[in-house]
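All values derive from a computational prediction rather than experimental measurement. Convention: sequence-line order gives letters A, B, ...; per-chain numbering from 1.
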2 protein chains.
Amino acid sequence: MSDRTPTIHDVAARCGVNASTVSRAFTRPERVSPTTRDRILATAAEMGYRPNAIARALPSGRTRTLGLLVPDITNPFFLDLIRGAERAATAAGYTLVLADTEETSQQETTVVERLTGAVDGFVLASSRASDERLREIHAKTRVVVVNRRVRPLPGVLIDSAHGTRQAAEHLASLGHRRIAYLAGPRASWSDARRWRTLQAVARHRDLEVVRIGPLAPTVDAGMAAADSAVLDDVTAVVTFNDLLAIGVLRRLRDRGIDVPGQISVVGCDDIFGADFCHPSLTTLAAPIESAGRSAVDLLLGLLASDRPRPGDAQGAEGGEGAEGAGAGEDVVLPTRLTIRESTGPAPGRARGRSPRQRAATDRRTARAVGATG
Amino acid sequence: MSDRTPTIHDVAARCGVNASTVSRAFTRPERVSPTTRDRILATAAEMGYRPNAIARALPSGRTRTLGLLVPDITNPFFLDLIRGAERAATAAGYTLVLADTEETSQQETTVVERLTGAVDGFVLASSRASDERLREIHAKTRVVVVNRRVRPLPGVLIDSAHGTRQAAEHLASLGHRRIAYLAGPRASWSDARRWRTLQAVARHRDLEVVRIGPLAPTVDAGMAAADSAVLDDVTAVVTFNDLLAIGVLRRLRDRGIDVPGQISVVGCDDIFGADFCHPSLTTLAAPIESAGRSAVDLLLGLLASDRPRPGDAQGAEGGEGAEGAGAGEDVVLPTRLTIRESTGPAPGRARGRSPRQRAATDRRTARAVGATG
DNA sequence: TTGAAAGCGCTAACAC
DNA sequence: GTGTTAGCGCTTTCAA
């Protein structure tokens, strides 16, 4: 009799009130007289009553749960993203459901369908789905995309265009003339952006860029692609992400090719490990955790504006989350080039470099020559 | 009218059957005549009907959701664990809820209470809660612990005792006489185990071990602790985990202390990065992803044995999961020492080493001398 | 301010 | 094999 976990009715009975009053005492405390409320809350605590999230979700349709879909949990990039999202969700009293879509649009669809109704909304990170598919999802549920710009979906973008430009100019200024771009997954929006930016800078700065890929964004793929880069006779490699860069580093080391003496390498994201690999990686540092946090905050903002509860401006119990969100604006996060040891002057004879470029090179000459010699 | 997402009733109406028949067509297809079943399934598909997970969970009490609690998402160790758990859960058609307990027993309790009822069971990874607390949880819900042995809770253990012994003997055989152990969090069960093992081997092999810690299992803590180790005049450092080891590596490098020439370093876990840091890390490779998978499978086994549905041996629709699980046995996973570049012969004059040890040292003499020079 | 009552969408006896 | 009928625990009108 008193063994089952107590429900709202048990508390009500003990307090001599109706179940609905108990419910109110929790969800709309201001609508219950202080006396009754205190009594109810005290009794509930004493009985060890805990609201049943499922039962609560059924009539309200709100689960206080968010779904986070990533293409590959394996990838440390998403570790940071997950971390940010989890923190933001927890801070707002939300629960986070995590799912791996294994880099396929199909799995993404499946998971979204399975979770729709069980979560209040989705964060789709680096979605591999088509714009059209994303719009369909958007029509059915609340969703925020990360690393995608799909009108009219709200999104969190990491501004890799600017960073990529910085990276390319960094290399150009070091005297590199011919660089390789190791491309990411075919369906990656940021990959397309990055490649386009690189081409633009190339035209402007008179660089040659060769594209290698599409590649799985993994260390192994980077190792394989390193050989292609060598074959293509480039002096610098820019990669879609740090995993590829780390693979390149490893392969070049195995082959006895000096970095940055013979080839410079630029990664992207500044994931865990980028600072302690060898040589440490010059990379486009992305505020990944912020991206995760922003995405959740944005989503929370959407949800809040969804049902503006008449009577109170803020949501009830502990509802933090985003503020001023819910607008149609994308959140754009800055990226910055972090220069470490994996980039240096282009090797060999100075062919057509400006005095300024030559000077830049000379500063590091000792190392470069020693290594290349 | 036909705008709302269709429910079981809508399908029933269209098929001219009762709602319960539709329900059955999905949950117990064999209890419905093939004709009706096909008709129902077809209509449902056509109408785009999707069972509502929440509504389904209310009466049945089963959410097909599992909770995974980790002390720190930031730690790549848990990345691997999460990955394994997520895969196992997905494979069994379960959804995974992820929560970070921020290394505190308190948060762990809070999260468990919040999630109880919303998940079918928990995987508690490297729990920082007391044995007693864990038993309380066990009394209320299904739970599997990882990296803890708390009778009678089912658990997945990574056998670090054996690995630690291997590591200590590896160092002893290289001529190290005095080593430091960088301890993990105070509440860590595996830390206690590891330290005890180390002491035992020390007695047996006539080594001195000094304990530094407890330490937060992070790179930063490792950097700070490296200084203590140097002060303690040890020739080798064994760390609670790879993060600490990577911190040590970094700090020693900053201080110009050669690894392994002057100090050898052994990590634990073989996380992402252990193979490409510099020097690459000798470490106790732990099958972390397997641990995550096993934990979920074990939990699934428990759940399955919970409600043996009369009539069918296996669970319905796609229920995979563990088999033969649910027994009282812990799953014990092996560990193995992976030797890389961060360990080498003890520096300096051979004091009281056996011929065998001396020989082991000599093989690497050139490097050691050059480095120590 | 509080109570009564009607669900939320689905499951699971139990009856036919 | 299929329909009836209670709920699951909570929210939410609507009255009182």
Side-chain angles (χ1 to χ4, degrees), chain A residues 4-41 44 47-65 116-118 120 307 309-312 315-317, chain B residues 4-41 44 47-64 116-118 120 307-312 315-317:
Chain A
R4 221 173 8 92
T5 71
T7 75
I8 214 174
H9 292 101
D10 302 321
V11 179
R14 274 254 231 154
C15 289
V17 299
N18 187 280
S20 62
T21 305
V22 177
S23 170
R24 258 182 306 238
F26 281 96
T27 51
R28 288 225 182 336
E30 72 283 1
R31 301 259 234 261
V32 176
S33 84
T35 338
T36 347
R37 188 203 315 144
D38 291 350
R39 187 154 44 92
I40 292 175
L41 262 26
M47 297 177 74
Y49 164 77
R50 317 235 133 244
N52 177 324
I54 301 292
R56 187 173 257 193
L58 227 207
S60 69
R62 316 203 61 232
T63 59
R64 291 191 80 81
T65 295
T116 297
D120 291 344
R307 48 196 102 31
R309 282 220 293 220
D312 52 4
E317 48 168 302
Chain B
R4 218 173 10 90
T5 71
T7 76
I8 213 174
H9 293 99
D10 301 321
V11 179
R14 274 256 229 153
C15 290
V17 298
N18 188 280
S20 64
T21 306
V22 178
S23 171
R24 257 181 309 235
F26 282 96
T27 52
R28 287 216 176 350
E30 72 283 2
R31 301 257 233 260
V32 175
S33 85
T35 338
T36 351
R37 188 204 315 145
D38 291 350
R39 188 154 41 93
I40 292 175
L41 262 27
M47 297 176 75
Y49 163 78
R50 317 235 134 245
N52 176 325
I54 301 292
R56 186 173 257 193
L58 227 209
S60 69
R62 315 203 59 232
T63 59
R64 291 191 81 80
T116 297
D120 290 344
R307 49 198 102 30
R309 283 221 290 222
D312 53 3
E317 48 168 298

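Residue A:Val17 is in sugar-phosphate contact alone, with no base atom involved, counting any heavy-atom pair closer than 4.0 Å across all strands shown. Residue contacts shown for A:Ser33 are limited to sugar-phosphate atoms, with no base heavy atom under 4.0 Å away. Across all strands shown, A:Thr7 has heavy atoms under 4.0 Å from sugar-phosphate atoms exclusively, and none from any base.
Phosphate proximity of C:dA4 to A:Asn18: present, with a side-chain N or O under 4.0 Å from OP1 or OP2. Contact check, B:Ser23 against C:dT11: a side-chain N or O comes under 4.0 Å of OP1 or OP2. B:Arg56 has a side-chain polar atom (N or O) that falls below the 4.0 Å cut-off from OP1 or OP2 of C:dT11.
No donor-acceptor pair under 3.5 Å is formed between the side chain of A:Thr21 and the backbone N or O of A:Val17. A donor-acceptor contact shorter than 3.5 Å links the side chain of B:Asp10 to the backbone of B:Thr7.
When the P atom of C:dG9 is taken as reference, atom NE2 of B:His9 falls 9 Å away, rounded to whole Å. One atom, CD1 of A:Ile8, and another, P of C:dG3, lie 12 Å apart when rounded to the nearest Å. For the pair B:Ile54 CD1 and C:dG7 C1', the computed distance is 17 Å after rounding to whole Å.
For A:Asn52, the listed nucleotide lying nearest its side chain is D:dC10; candidates were D:dC10, D:dG3, C:dG3. Of the listed nucleotides (D:dT4, D:dT2, D:dG9), D:dT2 has the atom at the smallest distance from the side chain of B:Val32. Of the candidates C:dC10, C:dT11, D:dT12, the closest approach to any side-chain atom of A:Ser20 belongs to D:dT12.
For B:Arg28 and D:dG1, a side-chain-to-base donor-acceptor distance below 3.5 Å is absent, hydrogens and geometry of angles not being considered. One can find a donor-acceptor pair under 3.5 Å joining the base of D:dG3 and the side-chain atoms of B:Arg24. Side-chain to base pairing of A:Thr36 with C:dT1: no donor and acceptor N or O lie closer than 3.5 Å to each other.
The two residues A:Thr63 and A:Ala57 make their nearest non-hydrogen contact at CG2-CB, 3.8 Å.
Counted by atom type alone, B:Ser20 and B:Ser23 present zero donor-acceptor pairs between their side chains at under 3.5 Å.
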